[in-house]
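Proteins come first, then strands; the chains are lettered A, B, ... in the order of their sequence lines, and each starts at number 1.
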Protein chains: 2
Amino acid sequence: MVSASLAGELNRARVLKTLYANGPLPRPELARLTGSTRATIGQIVTPLLDDGLLEELEPLASGVQGGKPARPLWFSDNGWPVGAMLVLPQGVKTAVVTAGGRVTAVTSSSFPADVDADGVTRRITTAMRRTMARAGVALHGIGIAVGGMVDTEAGVVVRAGLAPVLDGLPLAQVVQADTGVPAHLDQDTRAQALGDLLFGAGRGESSFASVYVGAGIGAGFIFDGALHRGARGAGGEVGHAVVDRDGPVCRCGRRGCWEMLANRHALHAAAAAAGLPGAATLDLAGLVALASRDAAAGRVLAGYTEDVALGIANLQQVLGVGLFILHGDPAGAGEPFRAAVEVAARERAFAHPGGPTRVVLGTADDVATLRGAAALVLSKALHVAF
Amino acid sequence: MVSASLAGELNRARVLKTLYANGPLPRPELARLTGSTRATIGQIVTPLLDDGLLEELEPLASGVQGGKPARPLWFSDNGWPVGAMLVLPQGVKTAVVTAGGRVTAVTSSSFPADVDADGVTRRITTAMRRTMARAGVALHGIGIAVGGMVDTEAGVVVRAGLAPVLDGLPLAQVVQADTGVPAHLDQDTRAQALGDLLFGAGRGESSFASVYVGAGIGAGFIFDGALHRGARGAGGEVGHAVVDRDGPVCRCGRRGCWEMLANRHALHAAAAAAGLPGAATLDLAGLVALASRDAAAGRVLAGYTEDVALGIANLQQVLGVGLFILHGDPAGAGEPFRAAVEVAARERAFAHPGGPTRVVLGTADDVATLRGAAALVLSKALHVAF
DNA sequence: TCGGTTCGTATGCGAGTCTCACAAACTATC
DNA sequence: GATAGTTTGTGAGACTCGCATACGAACCGA
């Protein structure tokens with residue numbers, strides 16, 4: 001139930017969410033956007049300024065009619081550091097992220113090929129401790145993004161398809177015990193979606209899908225400004241939705257999964273079949289460059305574009321989200337590829353009153369995911385329902 | 001922002017939602033489930049009892065330790081009547097539904113084959129006026145469920161695939177102007193999902209999909225106890241998600257849409273191809289009966305089962321919902337068919353920490369949809385976010 | 001210098017929930 | 001049959017928070 005004190009908490013969360021959705025804002029603007037008053041906003045932000053979460057930026061210039069200059073509020077780059085971790089089959093990345101999204105003290109650590117569960121755990125905790133030491137400040141929490149299926153309630157990695165050594169690892173507990181800082185676990189693509197919502201191309205958008213296309217395909221969904229999680233963190237396995245019932249067998253055992261058609265391996269295979277030079281190591285950006293002067297490469301690229309758009313169009317049909325943010329390989333492929341995917345997705349989905357499907361490119365590196373991992377902590381610690 | 005008065009409204013909504021999710025409840029139980037106190041619950045429900053929305057049922061027996069008997073609260077069957085309407089290509093159904101879900105004064109009206117937009121409008125408004133007259137009471141609003149794509153903000157039918165005569169019709173406005181009662185419009189499968197949530201198999205569930213399988217395929221999604229709508233009411237077109245990239249051409253122009261494989265027409269075609277008797281008019285229940293003594297019919301049924309499960313498994317993979325409620329043809333097909341779909345869906349989707357996929361049968365008639373249409377009104381009028 | 005304008009804050013009010021206390025109604029026991 | 005124990009439902013006061021209002025602070029242009 002929402003008592004007066006809970007109402008205060010909800011309103012504080014609303015203010016913070018409004019800041020994340022719009023960037024630095026002065027008090028009167030916050031009041032306007034939240035439908036509140038300057039007095040109430042002042043009452044809310046004063047303790048946050050005292051705590052060091054927020055700070056006042058340089059005063060804006062007054063308008064032509066004069067008046068006291070407004071001082072925009074934004075998250076302090078000094079206070080409120082949060083740990084962020086991305087655990088993938090090949091290794092772990094750690095960083096410290098401030099509430100404003102500044103990423104510092106990034107470290108990377110690779111897993112050897114023959115590593116066992118103990119070795120993985122040791123490398124993960126060591127990397128985090130090193131990052132904490134480099135940051136030199138106490139963290140408010142650690143957010144962990146994992147490539148694979150997770151149990152968000154238990155904080156356990158259920159199944160990391162490409163790294164079975166992680167299966168069943170209670171990673172949140174392990175990290176929390178080792179560092180003494182509360183840890184929160186979620187799927188990497190869901191963290192990525194949070195990163196887009198707070199600090200990326202999804203800022204200010206109410207609903208979108210954040211899609212990763214690389215060695216595998218995954219997605220996180222933002223509906224009405226909040227992250228969608230299935231039961232105990234299920235869902236988001238869009239790469240293993242069947243789009244070609246009689247297609248090739250996937251490593252998951254089913255036939256015609258989307259990622260069998262549109263992942264990096266499929267690209268290599270198509271390039272090799274077309275006899276393109278260096279097919280086995282060709283990346284999407286390279287294919288785009290090659291396609292401008294090689295018709296065979298152009299056909300491979302067109303096919304891949306269609307296959308990416310096919311899955312996007314399916315999501316559009318089912319969910320009705322209007323925006324898709326592509327991370328991974330497409331992020332480095334440039335504007336022509338983005339436009340081609342967008343056109344193909346529009347052709348494959350119905351026209352909606354919500355307007356045509358938009359496709360934008362995200363980041364090729366993992367910064368969105370690291371920021372999203374940090375956002376897992378911000379969500380819990382600040383009681384904001386992202 | 002949530003002021004004290006808005007907090008009161010939210011808490012009132014929370015109490016009503018708790019009632020819908022649990023059925024009749026006495027005040028102490030409501031307090032327990034909402035984390036509130038008996039005093040606060042009393043303060044909230046007293047005006048609702050005075051308004052005639054709620055009423056006190058017969059006192060329960062005291063416990064073994066004695067004590068004053070508790071009187072459960074539930075929605076009055078006399079007060080708060082709401083209009084419900086289901087507009088389909090072949091005709092319109094209207095009814096009056098109470099806040100407790102009792103459906104009365106049902107009427108049906110078919111559209112002639114050569115009807116024009118004016119004729120459709122006239123038949124719809126006439127049916128509603130007749131139902132209102134039969135009910136003999138003033139309605140608090142009218143909920144309209146339409147088979148087709150709608151613009152929920154504008155209250156306009158965007159595209160009714162099987163009934164182009166409805167395209168572009170501002171149905172909410174038309175009905176509101178004709179009856180003088182506020183009207184709310186949404187897609188039929190979304191209304192169906194609301195009906196399941198409040199009065200059907202989805203009661204008390206936080207997330208599920210309500211799927212209709214018949215001449216077409218559609219679905220409505222409940223996430224965290226609330227209906228999912230895409231941008232301006234987009235989405236839910238699960239029947240036109242591609243599951244067989246190189247499959248047969250659908251009437252929408254794409255290839256291999258789910259509903260090309262698993263709708264009623266596909267069933268007839270498969271039955272005809274197998275040489276089953278009466279294939280052109282065979283319904284699913286009939287096929288189930290036939291399959292028990294005819295191996296060829298068994299193979300047709302098995303194929304259809306797999307095709308239905310294929311789309312369900314895809315939804316499970318993407319969304320992570322754990323429960324699927326099947327309406328339309330499967331609703332009348334009986335337990336063996338339900339179990340077969342469930343098994344097939346489980347085999348086609350990953351195992352999740354949220355537990356195995358459950359499939360249950362809904363109603364073959366349209367009562368869930370009519371109740372859901374009424375719930376559109378209840379949601380607005382009672383300020384409850386379903 | 002002064003009026004106009006905007007920003008930020010202090011003050012009283014109102015609405016709602018929570019805590020506490022008490023009457024009402026029922027059961028079991030002496 | 002009287003009484004203690006238990007549970008339900010309600011009333012009074014405390015508390016918290018947002019809101020309306022008013023006022024000082026800071027800036028512009030004349």
Considering only D:dG18, C:dA25, C:dG8, which nucleotide approaches the side chain of B:K68 most closely? C:dA25
B:Q43 side-chain proximity, nearest of D:dG24, C:dT17, D:dC28: C:dT17
Just jot down the side chain to side chain donor-acceptor pair (under 3.5 Å) partners of B:T37, sequence neighbours excluded, or say none. B:T40
Tell me: CZ of B:R71 to C1' of C:dC26, nearest whole Å? 13 Å
Start with the C-alpha gap between A:L16 and A:F75, add the side-chain angles, then the distance that decides, and say whether side chain to side chain contact (heavy atoms under 4.5 Å, CB included) holds. CA-CA 9 Å; A:L16 294 174; A:F75 298 91; 3.8 Å; yes
Rounded to whole angstroms, how far apart are CD1 on A:I44 and P on D:dT16? 16 Å
Looking across every strand, which nucleic acid part, if any, lies under 4.0 Å from B:S36 by heavy atom: base, sugar-phosphate, or nothing? sugar-phosphate
Testing D:dT8, C:dC18, D:dG18 for proximity to the side chain of B:T37, the answer is C:dC18
Under 4.0 angstrom, heavy atoms only, what part of the nucleic acid is A:L60 near: base, sugar-phosphate, or nothing? nothing
Give me the ring orientation class for B:H228 and B:F223: parallel if the planes are under 30° apart, tilted from 30 to 60°, perpendicular past 60°. tilted
Less than 4.5 Å apart, any side-chain heavy atom of A:P69 and any of A:L60? no
Taking the side chain as C-beta and beyond, is there a heavy-atom pair between A:D186 and A:R229 under 4.5 Å? yes
Across the strands shown, which category fits A:T40 at heavy-atom distances under 4.0 angstrom: base, sugar-phosphate, nothing? base
By nearest nucleotide on DNA chain C, pick out whichever of A:M1 and A:T46 is the more 5' one. A:T46
Send over the distance from B:R14 CZ to C:dG16 P, rounded to a whole Å. 18 Å
Specify the residue among A:S62 and A:R12 whose closest nucleotide of DNA chain D lies further upstream toward the 5′ end. A:R12
Nearest to the side chain of A:R38, which nucleotide is it out of C:dC18, C:dT17, D:dA22? D:dA22
Send over the distance from A:E58 CD to D:dA26 C1', rounded to a whole Å. 15 Å
C:dT17 phosphate, OP1 or OP2: any side-chain N/O from B:N11 under 4.0 angstrom? yes
When we call it a touch if two heavy atoms are under 4.0 Å apart, what does A:A70 touch: a base, just sugar-phosphate, or nothing? sugar-phosphate
Report yes or no: does B:S76 contribute a side-chain atom to a donor-acceptor pair with the main-chain N or O of B:L54 at less than 3.5 Å? no
Expressed as a whole number of angstroms, how long is the span from A:L10:CG to C:dG16:C1'? 14 Å
From CZ of A:R32 over to P of C:dC7, roughly how many Å is that when rounded to an integer? 11 Å
When you get a sec, tell me which of D:dG18, C:dG16, D:dA20 is the closest nucleotide to the side chain of A:A39? D:dA20
Of the listed nucleotides C:dG16, C:dC7, D:dC19, the one nearest the side chain of B:S3: D:dC19
Euclidean distance, atom CG of residue A:L30 to atom P of C:dT9 [Å, nearest integer]: 13 Å
Atom-to-atom span, CG of B:L6 to C1' of D:dT16 - whole angstrom: 16 Å
Start at the 5' end of DNA chain C and walk down; is the nucleotide closest to A:Q65 or to A:V45 reached first? A:Q65
